[in-house]
Q: 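Please find one structure pasted underneath; my questions will follow.
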Amino acid sequence: MNGYYFDPIALLFWLLIFFTLALPHLQFRALKNARASLIRLIERKYKVRVITMIHRQEKVGFFNIPVYRFIDIEDSEAVMRAIRTTPPDTPIMFILHTPGGLVLAASQIAFALKSHPAKKIVVIPHYAMSGGTLIALAADEIWMDPHAVLGPLDPQLTLKDGFAAPAPSILKVVEEKGVDKVSDETLLFADIAKKSLNQMKEIIMELLEDKYGKEGAERIYEELVSGKYTHDYPITVRKAKELGLPVKDKIPPEIYQLMDLYPQALVQRPGIEYIPYPYHPTRPQRRATNSRE
């Protein structure tokens with residue numbers, strides 16, 4: 001008698017394949033829902049709009065290939081959209097964890113944050129280097145873990161073979177050797193370095209002069225941009241306070257809980273998240289918006 005043969009081993013095999021492929025996506029969705037719930041709790045408790053920019057630097061993917069995240073144009077687009085849709089009387093809490101990135105993107109975010117009429121709080125649980133520090137300068141208050149750090153803002157120029165050099169150091173080489181003793185290529189880089197420093201000064205002055213006055217803003221510029229430190233030098237809470245930055249060395253416990261919900265993942269990773277406005281008074285809240293989806 002002919003009939004269909006049911007192979008339980010084959011079925012089990014295909015179910016295992018499906019489960020293996022689906023599990024990371026289900027775990028990722030669960031993480032996103034958990035983050036959205038916690039973000040909403042923070043918003044209700046502290047009466048703020050929460051925006052996160054979390055950049056992890058870990059090995060991810062099927063072949064354990066290192067993937068590094070930095071501030072880019074997609075980040076600035078998402079953050080500017082979040083700020084633009086925030087009611088003008090609602091304070092913003094910007095949770096920031098980043099090694100830095102494009103000056104253009106970071107300055108767009110900083111200016112958008114500064115222009116928001118209500119109070120702006122930047123929260124740094126671990127570090128906000130380079131472009132992250134530039135964004136922090138736009139805040140009314142900077143809440144940092146006691147051991148969190150900021151970083152210098154000296155522009156980095158890409159030279160031969162991808163080697164990056166700080167703009168102040170390039171200018172120092174020309175100054176010490178003399179214009180007639182360096183190559184045309186070095187003079188070209190020196191010209192770019194000078195322009196990049198002038199541009200960074202213009203950005204910092206625009207962000208800070210109304211709060212610190214011209215002298216105060218120039219003092220912060222000299223400390224962070226002039227080449228006094230290497231680019232990865234840690235600006236600690238104590239040093240940030242000495243600069244006169246509005247630093248508070250304590251952050252809400254919920255922030256640490258939120259950071260725990262950003263583990264290494266084998267699927268597409270989150271960057272910018274916020275709960276879209278307007279909130280519906282009766283429907284359950286939608287999951288947080290992710291600029292990387």
Q: Taking the side chain as C-beta and beyond, is there a heavy-atom pair between L159 and E185 under 4.5 Å?
A: no
Q: Rounded to the nearest 0.5 Å, how far apart are NE2 of H97 and CD1 of I124?
A: 11.0 Å
Q: Could you please spell out the steps behind the side-chain contact (heavy atoms from CB on, under 4.5 Å) verdict for R44 and L41?
A: CA-CA 5 Å; R44 289 195 301 265; L41 183 149; 4.3 Å; yes
Q: Set out, in order, the CA-CA distance, both residues' side-chain angles and the distance that settles side-chain contact (heavy atoms from CB on, under 4.5 Å) for Q108 and I73, then state yes or no.
A: CA-CA 9 Å; Q108 283 185 300; I73 295 300; 3.9 Å; yes
Q: Can you get from L224 to L102 by hopping between Ile, Leu, Val, Met, Phe, Trp and Tyr side chains that sit under 4.5 Å apart?
A: no
Q: Under 6.0 Å from the CD atom of Q257, do we count more than 12 heavy atoms belonging to anything else shown?
A: yes
Q: Taking C-beta and beyond as the side chain, do L153 and L137 meet within less than 4.5 Å on heavy atoms?
A: yes
Q: Considering only heavy atoms from C-beta outward, does the side chain of P91 approach that of I121 to under 4.5 Å?
A: no
Q: Check for me, please, whether L187 and I192 land in the same ILVMFWY cluster - side-chain distances under 4.5 Å, paths through other members count.
A: no
Q: If you round to the nearest 0.5 Å, how far is CD1 of I135 from OG of S130?
A: 10.0 Å
Q: Is V237 close to P146 at the side-chain level, that is, under 4.5 Å between some pair of heavy atoms?
A: no
Q: What is the minimum heavy-atom distance between S196 and L157, and which atoms define it?
A: OG-CD2, 4.3 Å
Q: Taking C-beta and beyond as the side chain, do V225 and P155 meet within less than 4.5 Å on heavy atoms?
A: yes
Q: Locate the shortest heavy-atom distance separating K241 from V247; write the atom from each residue and the value.
A: CE-O, 3.7 Å
Q: Is R49 reaching over with its side chain to a backbone N or O of A82, donor-acceptor style, under 3.5 angstrom?
A: yes
Q: For M259 and D145, what are the C-alpha separation, side-chain angles and deciding distance, and is it a side-chain contact (heavy atoms from CB on, under 4.5 Å)?
A: CA-CA 13 Å; M259 292 298 294; D145 178 270; over 6 Å; no
Q: Where the side chain of T98 meets the backbone of H55, is there a donor-acceptor pair that is under 3.5 Å apart?
A: no
Q: For W143 and K250, which heavy atoms make the closest approach, and how far apart are they?
A: CB-O, 3.8 Å
Q: What distance do K201 atom NZ and N198 atom CG have between them, rounded to the nearest 0.5 Å?
A: 8.0 Å
Q: P87: what forms a side chain to side chain contact (heavy atoms under 4.5 Å, CB included) with it, not counting sequence neighbours?
A: D89, T90, Y277
Q: Just wondering, are more than 12 heavy atoms of other shown residues or ligands nearer than 6.0 Å to CG in D184?
A: no
Q: What are the two closest heavy atoms between Y46 and E254, and how far apart are they?
A: OH-OE1, 2.9 Å
Q: Taking the side chain as every heavy atom from C-beta outward, state whether V103 and Q199 have any atom pair closer than 4.5 Å.
A: no
Q: Using the rule given for side-chain contact (heavy atoms from CB on, under 4.5 Å), can you reason through S107 versus L134, listing the C-alpha separation, both sets of side-chain angles and the distance that settles it, and then say yes or no?
A: CA-CA 7 Å; S107 59; L134 187 65; 4.1 Å; yes
Q: Using the rule that Ile, Leu, Val, Met, Phe, Trp and Tyr join whenever any side-chain heavy atoms are under 4.5 Å apart, tell me whether Y221 and F111 fall into a single cluster.
A: yes
Q: Determine, using the 4.5 Å side-chain heavy-atom cutoff (strictly less than), whether M80 and I92 are members of one ILVMFWY cluster.
A: no
Q: Within the distance-only criterion (no hydrogens, no angle test), does the side chain of K114 pair as donor or acceptor with the backbone N or O of L207 below 3.5 angstrom?
A: yes
Q: Where do A105 and I71 come nearest, in terms of heavy atoms and distance?
A: CB-CG2, 3.8 Å
Q: Are V174 and L188 co-members of a hydrophobic cluster defined by side-chain heavy atoms under 4.5 Å apart?
A: no
Q: Just grab all the salt bridge (Lys or Arg N to Asp or Glu O under 4.0 Å) pairs involving residues 116-125, residues at least two apart or on different chains.
A: K119-E141, K120-D140
Q: Closest approach of D75 and M53, non-hydrogen atoms and distance?
A: CB-SD, 4.1 Å
Q: Distance from T186 atom OG1 to F189 atom CZ, nearest 0.5 Å?
A: 8.0 Å
Q: Looking at side-chain heavy atoms only, is the closest gap between L171 and L197 below 4.5 Å?
A: yes
Q: Decide side chain to side chain donor-acceptor pair (under 3.5 Å) for H231 and D154; before the verdict, give the C-alpha distance in whole Å, the side-chain angles of both, and the deciding distance to 0.1 Å.
A: CA-CA 7 Å; H231 196 60; D154 50 323; 2.8 Å; yes
Q: Taking atom types as modelled, find out whether Y229 and E223 have a side-chain donor-acceptor pair closer than 3.5 angstrom.
A: yes
Q: The criterion is side chain to side chain contact (heavy atoms under 4.5 Å, CB included); which residues satisfy it with R219, sequence neighbours excluded?
A: L243
Q: Can you find a heavy atom in the side chain of L245 that is under 4.5 Å from one in the side chain of I235?
A: no
Q: Roughly how far apart are I83 CD1 and L113 CG, rounded to 0.5 Å?
A: 5.0 Å
Q: Could you measure the distance from the NZ atom of K214 to the CE atom of M205? Nearest 0.5 Å is fine.
A: 6.5 Å
Q: Looking at E43 and R40, is there a salt bridge between them, counting it only when a charged N and a carboxylate O are closer than 4.0 Å?
A: yes
